[in-house]
Engineer: 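Attaching a single structure in structure tokens format; questions to follow.
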Amino acid sequence: MFKAMLIKEFILVWRDKYALAALFIMPSVFILIMSVALKDTFNRERTLLNYAIIDQDQSLQSSKMRTFLADNRALQEQHVTISGAAERQRALHENLHFVLTIAQGFSESYTQMESEGSKLQLYAAADVRPEMLSLFKSEIALGVTRLRIEKMKTELAPYLPELAQELEAIDFHGEGLVNVRFNALAADEKPTSTQQSVPSWIVFGMFFIIIPMSTIFISERKQNTLMRMSAMNISIPALFAGKIVPYMVINQIQVWLMIAVGIFIVPFFGADALTLGHSIAGLVMVSLGLSLAAIGTSVLIAVSVATVEQATTIGGITNILLGAIGGIMVPKFYMPSSMQELANLSPMSWGLEGFLDIFLRGLGPEAVVVDSLKLAGFGAGLLLIAGVVFSHRIRRGI
Amino acid sequence: MIAIKNLVKRYDDLLALDHIDLSVGKGVIFGLLGPNGAGKTTLVSILNGLTGFQEGEIEIFGLSLEQEPAAIRKRCAFVPQALALYENLSVLENLRFFAGIQKITGADLRRNLDYAISVNRLQPMLKQKAGTLSGGQKRRLNIAIGLLNNPEILYFDEPTVGIDPDGRNEILETIRNFKNDAKTVIYTSHYMPEIEKLCDEVAIIDRGRIIRQGLLETMLQEEKTDSVVIELLSSSPAQLHELVQKHEDVEMIDAATLVMEQQNSTKMGALLAALAAENITLKEIRYGTTNLESLFIRLTSSSHEGSDV
């Protein structure tokens with residue numbers, strides 16, 4: 001019986017080009033786009049911010065300030081002439097993130113700017129992200145601090161030459177000052193954008209089955225094939241099992257297809273290749289749990305709504321909402337604590353944490369048992385509710 | 001084969017089947033006739049174990065439907081009014097799927113597949129997708145799926161809806177042939193010429209009650225009248241009602257049907273003149289009709305009168 005159902009479901013999906021696109025092509029393209037779009041997240045050579053300096057002081061100190069800012073490779077000075085407010089506004093609108101004006105008198109007052117008033121005026125583009133503003137302000141503060149240390153060094157050198165030498169040795173942007181070691185990675189390893197983004201989009205992609213699965217189910221309901229199967233002694237649990245098994249297989253194909261894209265295709269586009277982590281068993285556990293959660297959601301939608309159009313709309317919205325709440329679209333650490341608590345209720349969040357444990361944190365199957373069981377329980381619960389709703393509808397002849 | 005006693009089915013406050021008693025013997029083609037909403041589909045759904053019931057007893061093959069539904073369903077097949085098949089699967093894939101879920105395998109599968117295909121003349125289109133078949137071919141496939149378990153009882157719920165006369169005749173011919181294979185057929189329809197052509201026995205059901213049941217031939221003989229049925233193309237109910245009031249022995253069945261109880265040329269002449277004066281167009285006049293349709297009209301209209309009292 002299951003063999004017949006499995007074959008039927010595969011043929012129906014295989015012959016539905018929209019279902020194929022939704023199940024396999026879209027998630028794979030997602031993985032590719034997101035990996036390539038975020039590929040420079042951990043690249044220290046990459047320019048994050050463009051800025052210009054209007055140097056009205058024309059002093060040795062203002063010139064050094066310019067040099068100090070240029071030491072940070074994430075910042076790129078653009079040498080443009082800005083002669084008035086209108087030009088500055090246009091430049092900030094078009095390609096600059098910041099314009100820093102170093103006012104006349106900076107060289108005399110940089111040691112007492114806090115008390116005498118700052119000679120530095122920073123203009124920021126309206127769409128600058130807060131963390132980028134913090135980064136640039138820190139760099140300015142660091143530049144002023146370096147100027148002050150240089151002054152101290154010059155003044156102390158005749159009296160305390162050893163201290164002046166120590167001050168000289170400080171490397172503000174070198175690797176030697178702070179060693180960074182990423183958890184669960186080797187000393188010379190750093191996380192890649194592929195490793196961080198692929199798990200999110202695998203979770204999201206697996207829930208893409210909601211639309212094709214629920215639309216096929218509703219078509220069967222509408223065409224009375226489900227009723228016919230009931231008349232052929234097929235019970236509701238058997239009917240549901242006949243859906244669960246094929247779509248679990250489809251979900252597994254999806255997962256490994258997306259992983260294959262991460263490993264083999266993404267590097268062709270200049271991003272880092274995905275690595276699998278250390279636990280295939282853990283990966284399978286999480287993905288099976290996610291499958292059951294996605295299938296439970298699909299079946300509940302399919303038995304609850306009346307038309308294919310309703311299933312498509314509600315399925316799509318459910319997918320996006322679960323993704324938004326579950327930290328797929330906006331990482332959880334960006335969310336306020338109340339939203340993070342809400343995110344912890346989303347099955348996509350459990351799946352994502354499970355995948356991150358495997359892909360990013362290098363953990364084993366024991367680390368994902370709880371998340372996998374939560375996902376399986378969620379899916380089983382929804383299937384149970386769907387069974388009650390469906391048997392009620394059959395009894396009512398709807 | 002099928003014995004129903006005192007069957008009651010309610011949907012909340014609506015009494016869908018009202019103390020039904022019915023029996024159908026082996027090898028009989030049994031017509032279940034009634035207007036829309038009479039309870040035919042509900043009765044067939046109950047017999048197929050798709051819907052429960054509140055009171056009464058049903059025995060099929062001598063087994064209680066309540067106690068052994070699975071054993072009974074294994075020996076029956078239901079051909080629903082809707083085309084319950086997969087349009088994206090080929091004819092053969094549809095047949096194999098529905099055989100597969102009924103766990104029909106090996107020699108049984110080959111024999112039953114051959115039978116379903118040959119009876120419904122599906123051989124030339126086995127590889128064709130069901131969605132590309134004509135209406136009549138789809139209906140035949142719908143029936144073929146019902147034959148896969150080689151059922152002893154076949155339930156047909158209005159199986160000829162929406163197909164042309166040729167296709168309808170082909171299907172009726174197919175169903176008539178089941179008699180030769182000793183299969184029992186329960187056939188619901190509100191299309192009376194079909195029932196008349198096909199069935200040995202008939203039950204007329206209206207508002208959840210069986211108002212007449214028996215051998216079709218006997219029923220028609222017993223109910224033979226001297227009435228005349230006048231069918232009209234168009235009229236307004238109010239206009240027709242007013243007109244009927246002025247003519248003795250003429251009864252208005254609906255906005256398109258009048259019945260004159262006795263053949264009377266003077267009265268008929270007056271009635272036709274009155275219709276012409278009101279610009280009401282005639283479709284057909286049937287004299288001395290004793291067909292199922294006039295019997296059905298008479299029985300269902302008197303049933304409504306009774307219930308109004």
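All chains are named by letter (A, B, ...) in the order of the sequence lines, taking the proteins before the strands, and each is independently numbered beginning at 1.
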Engineer: Is B/Leu89 close to chain A through its backbone or its side chain, or both, or neither, when contacts mean heavy atoms under 4.5 Å?
Structural biologist: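 When you check distances to chain A, atoms from both the backbone and side chain of B/Leu89 fall under 4.5 Å.
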Engineer: Tell me, for A/Ile234 versus chain B, whether the close heavy atoms (under 4.5 Å) come from the side chain, the backbone, both or neither.
Structural biologist: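 For A/Ile234, the contact with chain B is made by the side chain alone.
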Engineer: Tell me, for B/Tyr155 versus chain A, whether the close heavy atoms (under 4.5 Å) come from the side chain, the backbone, both or neither.
Structural biologist: neither
Engineer: Relative to chain A, which segment of B/Ile145 carries a heavy atom at a distance below 4.5 Å: side chain, backbone, both, or neither?
Structural biologist: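 Both backbone and side chain.
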Engineer: If you count heavy-atom pairs under 4.5 Å between each of B/Ala84, B/Gly100, B/Ala99 and chain A, which one has the most?
Structural biologist: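 Top count of heavy-atom pairs under 4.5 Å with chain A: B/Ala84.
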Engineer: Please check if atom CH2 in A/Trp256 has more than 12 non-hydrogen atoms from other residues, nucleotides or ligands closer than 6.0 Å.
Structural biologist: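 Result for CH2/A/Trp256: enclosed.
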Engineer: Of all heavy-atom pairs between B/Asn88 and A/Arg15, which one has the smallest distance, and what is that distance?
Structural biologist: O-NH1, 2.7 Å
Engineer: Is B/Lys129 close to chain A through its backbone or its side chain, or both, or neither, when contacts mean heavy atoms under 4.5 Å?
Structural biologist: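 For B/Lys129, the contact with chain A is made by the side chain alone.
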Engineer: What part of B/Leu85 gets within 4.5 angstrom of chain A, counting heavy atoms only: side chain, backbone, both, or neither?
Structural biologist: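 Contact with chain A: backbone only.
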Engineer: To the nearest 0.5 Å, how far apart are CE in A/Met232 and CG in B/Leu148?
Structural biologist: 6.5 Å
Engineer: Heavy-atom count around B/Lys179 NZ within 6.0 Å, excluding the residue itself: above 12?
Structural biologist: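 Yes, because the 6.0 Å sphere around NZ of B/Lys179 holds more than 12 heavy atoms from other groups.
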Engineer: Around atom CZ of A/Phe10, are there more than 12 heavy atoms from other residues, nucleotides or ligands closer than 6.0 Å?
Structural biologist: yes
Engineer: Should B/Phe98 and A/Met229 count as side-chain neighbours, where that means a heavy-atom distance under 4.5 Å?
Structural biologist: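 Yes, at least one pair of side-chain atoms sits under 4.5 Å.
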Engineer: If you compare all heavy atoms of B/Phe97 against all heavy atoms of A/Ala4, which two are closest, and at what distance to 0.1 Å?
Structural biologist: CD1-O, 3.5 Å
Engineer: Can you see whether B/Tyr86 engages A/Glu220 through a side-chain donor-acceptor pair at a distance of less than 3.5 angstrom?
Structural biologist: yes
Engineer: If you tally heavy-atom pairs under 4.5 Å against chain B, which of A/Asn224, A/Leu226, A/Leu12, A/Asn233 wins?
Structural biologist: A/Asn233
Engineer: Within a 6.0 Å radius of atom CZ on B/Arg96, are there more than 12 heavy atoms belonging to other residues, nucleotides or ligands?
Structural biologist: no
Engineer: Does any non-hydrogen side-chain atom of A/Arg228 lie less than 4.5 Å from one of B/Asn142?
Structural biologist: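 In contact.
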